[in-house]
Amino acid sequence: MTKQCKGCGATLQNTDSAKAGYITNLEKDFCVRCYRLNHYGDTKQLNMHVEASSVLNEISLMDKALYVWVIDIFHLEESQIPSLKRWFNDKPVVVIFTKRELLPLTMSQSKLIRAVQPFLKQSQLNVVDIIISSKMGKEGKGLIINSIKNLKEQLKLDKIVFFGQTNAGKSTLLNTLFSETSQLSVSAYPGTTLDLLKIDTSIGDVYDSPGIDLKDNILNHLPLEAVKLLQPKKQVKPITYQLFQDQSLIIAGLAKVDFIGAQQLSVTAYFPEDIS
C-alpha cells in the first residue's frame with residue numbers, strides 16, 4: 001500500500017534519494033525534502049518539475065468538484081493559464097486572490113474587483129464567486145470557508161480542488177483555512193507541492209494540487225533568490241521619480257524600463273521593500 005507525504009503529496013519511497021518522496025523510514029509522514037524544508041528552510045531540493053498538462057488533466061477529470069483558483073495578486077499577468085476553458089469547460093470555479101494586505105491603502109475593494117475583471121474574462125471560466133484574501137486567509141477565515149462550503153452544497157458537489165500557478169500560495173492558504181488537519185509544506189519558491197494531496201476537513205474532502213508551472217512565466221527563469229526578492233512581505237508604498245527624456249529605471253538588476261520621447265515626466269512605482 002502506497003503512502004503520500006503529508007507535505008508535498010509525493011509517494012513515499014526509500015529506494016532512491018534523488019527522487020521525490022524519499023524517506024529512510026516509511027513509517028514517517030514527511031519525506032526528507034519536506035522535513036528539511038519545514039525544519040531548516042533547506043531549499044536545495046526544490047527544483048523538481050511537474051508538467052502543467054498532467055496537473056490540469058488530472059484535476060479536470062475529477063467528478064463533482066468545485067474548483068478554487070488561487071491567484072497571487074502581485075503576479076496577475078503571470079497567473080493567466082492558457083486554454084483553461086478547454087480543461088474546465090463550464091465547471092464551477094471560485095477565484096481567490098491572495099496578498100490583499102500588501103496592496104496600497106488607496107486600492108479599495110471595489111476598485112480591485114474592477115481591475116481583475118478583464119483577467120477573469122480572458123480566462124473564459126465559469127466563475128461562481130470572487131474572494132479577496134488577506135494574510136493568506138487569516139483575515140475573514142470563517143467567511144472564506146463558509147462561502148466555499150455553501151457553494152459546494154448549493155451545487156451538490158462532493159469535493160473541493162485548489163489549483164493555480166506555482167508559488168501562488170495554495171498550500172499556505174490551505175494550512176490557514178484548515179489548520180486542524182493541513183500540514184502542507186510551503187516556501188517562498190515555486191514547485192513545493194509535487195502531487196495531488198487530499199485533506200480531510202470540516203467541509204469535506206479538499207485537494208491541494210501541484211502548482212501549474214508554465215515555461216513562459218518570467219519567474220521560472222530567475223534564480224531562486226531573485227524570486228524570493230520579488231515577493232513583498234510588507235505593504236508596498238509608492239516611490240516617485242522625476243525623469244527626463246530617454247532616462248531609464250533599472251530594477252534590482254533584473255529589469256529595465258526605458259522612457260522614450262517625453263521631455264520630463266513623473267513616474268510612480270510600486271516595488272517590494274528589498275528591491276533597489
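Position 1 is the first residue of the sequence, and the numbers go up from there. Values below: all heavy atoms of this structure, side chains included; hydrogens, waters and symmetry mates excluded. Source: prediction; values computed, not measured.
Contact annotation: the side chain of L56 approaches that of I81 to within less than 4.5 Å [non-hydrogen atoms, C-beta and beyond]. Counting only heavy atoms from C-beta outward, the side chains of V236 and F271 never approach each other to under 4.5 Å. Contact check for K198 versus D208: no side-chain heavy atoms found under the 4.5 Å cut-off. At least one side-chain heavy atom of L112 sits under 4.5 Å from a side-chain heavy atom of I73. L265 is listed as a side-chain neighbour of V267, based on a closest heavy-atom distance under 4.5 Å. Side chains of F259 and S248 form no contact here, defined as non-hydrogen atoms less than 4.5 Å apart.
A distance-only check finds a donor-acceptor pair linking the side chain of Q80 to the backbone of F119 [under 3.5 Å]. Between the side chain of E273 and the backbone N or O of K233 there is at least one donor-acceptor pair closer than 3.5 Å. Side-chain N or O atoms of S123 include one that pairs as donor or acceptor with a backbone N or O of L120 at under 3.5 Å. Between the side chain of E58 and the backbone N or O of V55, no donor-acceptor pair lies under 3.5 Å. Proximity of a side-chain donor or acceptor of Y241 to a complementary backbone N or O of A269 within less than 3.5 Å is not detected. Under the 3.5 Å distance criterion, the side-chain polar atoms of E101 are matched with a main-chain donor or acceptor of K135.
In this structure, the side-chain hydrogen bond (donor to acceptor under 3.5 Å, both in side chains) partners of K256, at least two apart in sequence or on a different chain, are D258. Residues that satisfy the side-chain contact (heavy atoms from CB on, under 4.5 Å) test with P223, not counting sequence neighbours, are A226. Looking at residues two or more places apart in sequence or on another chain, you find no side-chain hydrogen bond (donor to acceptor under 3.5 Å, both in side chains) involving Q264. Under the rule for a side-chain contact (heavy atoms from CB on, under 4.5 Å), the partners of S110 that lie at least two apart in sequence or sit in another chain are S108, R114. Applying the side-chain hydrogen bond (donor to acceptor under 3.5 Å, both in side chains) criterion to S147, with sequence neighbours excluded, gives D129.
With rounding to the nearest 0.5 angstrom, the CG atom of L229 is 6.0 Å from the CG atom of D274. Note that CG of L157 and CE of M62 are 11.5 Å apart. Values are rounded to the nearest 0.5 Å. Annotation: the span from L151 atom CG to I148 atom CD1 amounts to 8.5 Å, rounded to 0.5 Å. Note that CG of D158 is 11.5 Å distant from CG of L155, once rounded to the nearest 0.5 Å. One distance of note links CD1 of I275 with CG of L230; it measures 4.5 Å at 0.5 Å rounding. Atom CD1 of I96 and atom CD1 of I71 lie 10.0 Å apart (nearest 0.5 Å).
No continuous path of ILVMFWY side-chain contacts below 4.5 Å connects L143 to F97, so the two sit in separate hydrophobic clusters. One hydrophobic cluster, built from ILVMFWY side chains closer than 4.5 Å, holds both L254 and I239.
Minimum heavy-atom separation, Q117 to I130: NE2-CD1, 3.8 Å. For the pair K170 and V70, the tightest heavy-atom approach, listed with the atom from each and the gap, is CG-CB, 3.8 Å. Considering all non-hydrogen atoms of both residues, L102 and P232 come closest at CD1-O, 3.2 Å. When all heavy atoms of G204 and K152 are compared, the pair lying nearest together is CA-NZ, 3.7 Å. Of all non-hydrogen atoms in P238 and T268, the two that sit nearest each other are CB-CG2, 3.6 Å.
Within 6.0 Å of atom NZ in K149, 12 or fewer heavy atoms from other residues, nucleotides or ligands are found, so the atom counts as exposed in its surroundings.
Checked options Q235, H75, Q231; the residue passing with K99 is Q231 (criterion: side chain to side chain donor-acceptor pair (under 3.5 Å)).
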Test log, rule side-chain contact (heavy atoms from CB on, under 4.5 Å), inputs Y207 and K159
CA-CA 8 Å; Y207 291 82; K159 56 186 77 72; 3.9 Å; yes
Quick one, I160 with Y67, criterion side-chain contact (heavy atoms from CB on, under 4.5 Å). Give me CA distance, side-chain angles, the key distance, then yes/no.
CA-CA 6 Å; I160 301 158; Y67 295 92; over 6 Å; no
Does the side-chain contact (heavy atoms from CB on, under 4.5 Å) test come out yes or no for F74 and L103, once each step is laid out?
CA-CA 9 Å; F74 276 90; L103 290 172; 3.9 Å; yes
Take V68 and V161 through the test side-chain contact (heavy atoms from CB on, under 4.5 Å) and record every step on the way to the result.
CA-CA 6 Å; V68 180; V161 182; over 6 Å; no
If you look only at distance, which donor and acceptor atoms sit under 3.5 Å apart when one is on a side chain in residues 84-95 and the other is two or more places apart or in another chain?
{"unit_1": "K85", "atom_1": "NZ", "unit_2": "D90", "atom_2": "OD1", "d": "3.0"}
{"unit_1": "K91", "atom_1": "NZ", "unit_2": "S60", "atom_2": "O", "d": "2.1"}

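Using modelled atom types, one finds no donor on one side chain facing an acceptor on the other under 3.5 Å when comparing S133 with T98.
By the 30° and 60° cut-offs, the orientation of the rings of F162 relative to F178 is perpendicular.
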